[in-house]
Structures are given as C-alpha cells and as structure tokens.
Chemist: 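The structure that follows is given in the form of structure tokens.
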Amino acid sequence: GSLEVYIDNKLYKSQKLVKGKATIKLSDLSSGNHELVAKYTGNDYNISQVNNTVYVQPKAKIKASDLKIYYTDNGKYTVKVTRGGKAVEEAYVTFKIAKRTYYVYANKNGVATLKLAKLAPGKYTISAIFDGVKVSKKVTVRHILTLKTVKVKKSAKKIYLTAKLNKKLKGKPVTFK
C-alpha cells in the first residue's frame, strides 16, 4: 500500500510503504495551522486514516546592521531576533567573525550582543545565525592614528611629523618610535 498525506484538503505527497514504513517530510509549508490527513491506501493494516493539526512556526528574522568602530573601542555588535514580529527570548545566536565562532543567548527583548575585543584594524564580515537563518554584515575597525608618508632627505636636521588622532585620543600624549 501507500501513504497519502493531505494538507488543507489537498494531496501533498504520496509514498509507497517499504517494510511497512513510509516517511514524508513536511517542508515548504507556510507558517500557521494546517489540517493534516494521513491515509493508508492498502488493506493489510487496520488503521486507514489519521487526522491532525500541524502548526508551522513563522521563520525567524535577524535584524542587523553594519558597524564602524575604532581600534581602541571594545565595540559591541548587536542583532535582534524575531519570529512572527515578536522577540525570541533566549535565542541561541551563533556569530562568526575573523575565522572564529561565538555563541550568545539573546535577552528577553530578543537582542544578542557580542563583544568585539581586540580586532585589528581592517574590514571584516560578521555573520549571525539562528534557526537556519543567516545574516552577514560588515564590521570596519578603524585605525586610531593616521600618519602621512614622509620623505626625508639625508641632509635633514629635523623631522616634523603630523598625526591625525580620532576624537577619543585628543589631548592625550602620542609617542613616535
């Protein structure tokens, strides 16, 4: 015999039984409640039909944005995890950045925060993953000091270097070595 699965009164899939078993995966269903009817179309078993209601959760969404920080900042990268417009409490979010993987639980508002400690200046791609949903964004770590290339003649007796500091370092001493 065969197993026939109906979703919302429409034939979803039919599968022949092998050694008395058949497996049908329920994928690509929209979120919400669905009426499920499983029928056996053979005559060697007593049960011929089972009815049930299946609830499919809405797909999770991850809200994230690009981040720009300075090297000395111990920046934080945050994402918000929702499902059906509601925050997912204690979502276990996986972050991947700079060939490293981190795991963070979201708070009661669905916000997961990763501390970005000591990333070297440069551009990175950060990925946040939850329940099969992946979002990738850019993290830019800026230098705290910029210095123009200076050409020095061998006959020079003095060299003047001008450094441009970010706002956080204004008024603090800078030493050139």
Chemist: Minimum heavy-atom separation for L67 to K76, with atom names?
Modeler: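 Heavy-atom minimum between the residues: CD2-O, 3.7 Å.
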Chemist: Rounded to the nearest 0.5 Å, what separation is found between the OG atom of S2 and the OH atom of Y40?
Modeler: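 Those atoms lie 8.0 Å apart.
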Chemist: When the ring centroid of Y92 is compared with that of Y103, is the distance short of 6.0 Å?
Modeler: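 Yes, they do, as the ring centres are separated by less than 6.0 Å.
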Chemist: Could you tell me which residues satisfy side-chain hydrogen bond (donor to acceptor under 3.5 Å, both in side chains) with T41, sequence neighbours excluded, listed by chain and number?
Modeler: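 Scan of T41 (side-chain hydrogen bond (donor to acceptor under 3.5 Å, both in side chains), adjacent residues dropped) gives none.
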Chemist: Establish whether Y105 and Y102 are linked, either directly or via other cluster members, by ILVMFWY side-chain heavy-atom contacts under 4.5 Å.
Modeler: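 Not linked; separate clusters.
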Chemist: Please name the pair of heavy atoms, one in V93 and one in V81, separated by the smallest distance, quoted to 0.1 Å.
Modeler: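 Heavy atoms of V93 and V81 come nearest at CG2-CG2, 3.8 Å.
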Chemist: Start with the C-alpha gap between E35 and T53, add the side-chain angles, then the distance that decides, and say whether side-chain hydrogen bond (donor to acceptor under 3.5 Å, both in side chains) holds.
Modeler: CA-CA 5 Å; E35 293 301 316; T53 300; 3.3 Å; yes
Chemist: Can you confirm whether the side chains of D66 and Y77 place a donor and an acceptor under 3.5 Å from each other?
Modeler: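 Note: D66 and Y77 side chains miss the donor-acceptor criterion.
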Chemist: D131 and A60: which non-hydrogen atoms are nearest, and at how many Å?
Modeler: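 The pair with the smallest heavy-atom distance is CB-CB, 4.5 Å.
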Chemist: Are V88 and F130 close enough, and set up right, to give a side chain to side chain contact (heavy atoms under 4.5 Å, CB included), and what steps lead you there?
Modeler: CA-CA 10 Å; V88 179; F130 172 73; 3.9 Å; yes
Chemist: Keeping the roles fixed (side chain from R83, backbone from P58), state whether a donor-acceptor pair exists under 3.5 Å.
Modeler: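 Flag set: sc R83 to bb P58 pair under 3.5 Å.
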Chemist: How close do A98 and L119 get, counting heavy atoms only, and between which atoms?
Modeler: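 Of all heavy-atom pairs spanning A98 and L119, the closest is CB-CD2, 4.3 Å.
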Chemist: I'd like to know if the side chain of N109 and the backbone of V111 have a donor-acceptor N/O pair within less than 3.5 Å.
Modeler: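 No; zero donor-acceptor contacts below 3.5 Å.
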Chemist: Tell me, do F95 and V104 make a side-chain contact under 4.5 Å, heavy atoms counted?
Modeler: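 Yes; the side chains approach each other to less than 4.5 Å.
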Chemist: How long is the straight-line distance from CD1 of I97 back to CD1 of I126, given to the nearest 0.5 Å?
Modeler: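 If I round to the nearest 0.5 Å, the distance is 4.0 Å.
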Chemist: Quick one: pull up CG in D8 and CG in L36 and give me the separation to the nearest 0.5 Å.
Modeler: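 D8 atom CG to L36 atom CG measures 9.0 Å (nearest 0.5 Å).
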Chemist: Please walk me through it: do V79 and K63 pass side chain to side chain contact (heavy atoms under 4.5 Å, CB included)?
Modeler: CA-CA 6 Å; V79 298; K63 184 178 179 183; over 6 Å; no
Chemist: When you group the ILVMFWY residues by side-chain heavy-atom contacts below 4.5 Å and let the links chain together, are L26 and L11 in the same group?
Modeler: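 Not linked; separate clusters.
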Chemist: Rounded to the nearest 0.5 Å, what separation is found between the NZ atom of K13 and the CG atom of L3?
Modeler: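 CG of L3 is found 11.0 Å from NZ of K13.
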Chemist: To check you understand the geometry: which heavy-atom pair defines the closest contact between I62 and V133, and what is its length?
Modeler: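 In this case the closest contact between I62 and V133 is CD1-O, 3.5 Å.
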Chemist: Quick one: does Y124's side chain have a donor or acceptor within less than 3.5 Å of a partner on A120's backbone?
Modeler: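 Present.
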Chemist: What distance separates K134 NZ from S127 OG, expressed to the nearest 0.5 Å?
Modeler: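 Output value for this atom pair is 4.5 Å.
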Chemist: Which residue pairs pass the salt bridge (charged side-chain N to carboxylate O under 4.0 Å, His left out) test when at least one of the two sits in residues 86-112, sequence neighbours left out?
Modeler: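 For residues 86-112: none.
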Chemist: Mind running side-chain hydrogen bond (donor to acceptor under 3.5 Å, both in side chains) on Y6 and E4 for me, showing each step along the way?
Modeler: CA-CA 7 Å; Y6 293 83; E4 292 179 348; 2.9 Å; yes
Chemist: Assigning hydrophobic clusters by single linkage (Ile, Leu, Val, Met, Phe, Trp, Tyr; side-chain heavy-atom cutoff under 4.5 Å), is Y71 placed with L114?
Modeler: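 Shared cluster, yes.
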Chemist: Kindly check if the number of other-residue, nucleotide or ligand heavy atoms within 6.0 Å of NZ (K137) is above 12?
Modeler: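 Yes, NZ of K137 has more than 12 neighbouring heavy atoms, counting only those of other groups under 6.0 Å.
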Chemist: How close do S27 and Y12 get, counting heavy atoms only, and between which atoms?
Modeler: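 Heavy atoms only, the tightest pair is O-OH, 2.5 Å.
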Chemist: Begin with the C-alpha distance, continue with both residues' side-chain angles, and end with the deciding distance and a verdict on side chain to side chain contact (heavy atoms under 4.5 Å, CB included) for V50 and V37.
Modeler: CA-CA 6 Å; V50 175; V37 176; over 6 Å; no
Chemist: State, without any angle test, whether T125 and K138 hold a side-chain donor-acceptor pair at a distance under 3.5 Å.
Modeler: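 Judged by distance alone, the side chains do pair up.
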Chemist: With rounding to the nearest 0.5 Å, note down the distance linking NZ in K39 to CG in N51.
Modeler: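 CG of N51 is found 8.5 Å from NZ of K39.
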